[in-house]
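Structure first, commentary second.
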Amino acid sequence: MLIVSDMEKTYPTKSGGFTAVSGMSFHIEEGELFTIVGPSGAGKTTLLRCISGLDDVTAGSVTFNGQQVSGPPREFAVVFQDYARSLMPWITVAKNVELPLMKKGISAAERAQRVASALEEVGLADAMEKKPFQLSGGMQQRVAIARAIAYRPQVLIMDEPFASVDAQTRADLEDLLLRIREETGTTVLFVTHDVDESVYLSNRVAIVSRSPSRIDEIVDIPLPYP
Ligand code: ADP
Ligand code: ADP
């Protein structure tokens, strides 16, 4: 349902252009949790920005349910590593989670219910009326995740979402992500530099090496128990 076909992204530079992603092709089935693992600088963020419609591809295409992606699709939610830039620091946590739901035209009663349950899921029920600037980095990232969960996207795109939270919170959030996917059938595209994390979350892992990024191999991880 999500198909990346021979994608290339070249950034304009003074020396004539820098190709961050080249010849990138893969597809993700509905309900799949697909992880891409690769080192810093391999072009993972560039790839996700193009798939999310936040940036244009230089060549190739991204299609979702048969439609070419150009501009951010309403069916997607994106969680970036950089939570500090993604939340509005001066409005409450609850409002941050609610705003995308207002844009989607969801009723006030349902918005309130979704905001409360998403914040509960990430362990922030008590922080609803706080402002993001009053929270720790890990808590802010949990708000960003709650916002994505409450939106109930068809595709959840995550760029190293747990890289800056402490180990215990990270383990909890990984399990939360697995549970949400199980319960809702949300398709997840998850990018990380951490091989252990990629294998824990998924049994289909794509490996990218270095810029210009392309998939070297897609590994089917055998399940440990029959
Ligand atoms: P990551 O943490 O994924 O490695 P980076 O630190 O490489 O991310 O990049 C952070 C932001 O800066 C991104 O929005 C990226 O597009 C932008 N960026 C990275 N490298 C450059 C560059 N050489 N010129 C301009 N923008 C860049
Ligand atoms: P990753 O997320 O895997 O760390 P990025 O996609 O952030 O990789 O960056 C891949 C390469 O593209 C890096 O060399 C980075 O410096 C370069 N890059 C990223 N954004 C820009 C930009 N806006 N302009 C020029 N180069 C960029």
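In each ligand, atom 1 is the first atom listed, and ligand 1 is the first ligand listed.
Salt-bridge check for Arg170 with Glu197: passed, with a basic side-chain N closer than 4.0 Å to an acidic carboxylate O. Between Asp172 and Arg179 no salt bridge is recorded (no basic side-chain N to carboxylate O distance below 4.0 Å).
In terms of modelled atom types and a separation under 3.5 Å, the side chain of Thr184 and the main chain of Thr186 share a donor-acceptor contact. In terms of modelled atom types and a separation under 3.5 Å, the side chain of Lys9 and the main chain of Asp56 share a donor-acceptor contact.
Counting atoms of ligand 2 from 1 in the listed order, those under 4.0 Å from a heavy atom of Lys44 are 1 (P), 2 (O), 3 (O), 4 (O), 6 (O), 8 (O). Using a 4.0 Å cut-off to heavy atoms of Ser40, the atoms of ligand 2 that qualify are 4 (O).
The shortest N or O to N or O distance between Ala42 and ligand 2 is below 3.5 Å. Polar contact with ligand 2: absent for Ala20 (N/O pair, distance under 3.5 Å). Here's the thing with Thr45: one of its N/O atoms is less than 3.5 angstrom from an N/O atom of ligand 2.
Under the side-chain contact (heavy atoms from CB on, under 4.5 Å) rule, Leu48 has a single partner from Leu54, Ile36, Val78, Leu189, which is Leu189. A side-chain contact (heavy atoms from CB on, under 4.5 Å) with Ile145 is found for one member of Leu156, Val165, Leu173, Leu177 and no other, namely Leu173.
Distances from atom 6 (O) of ligand 2 to the heavy atoms of Asp55, Thr46, Thr13, Thr192 put Thr46 nearest.
Residue contact check for ligand 2: Pro39 places a non-hydrogen atom closer than 4.0 Å to it.
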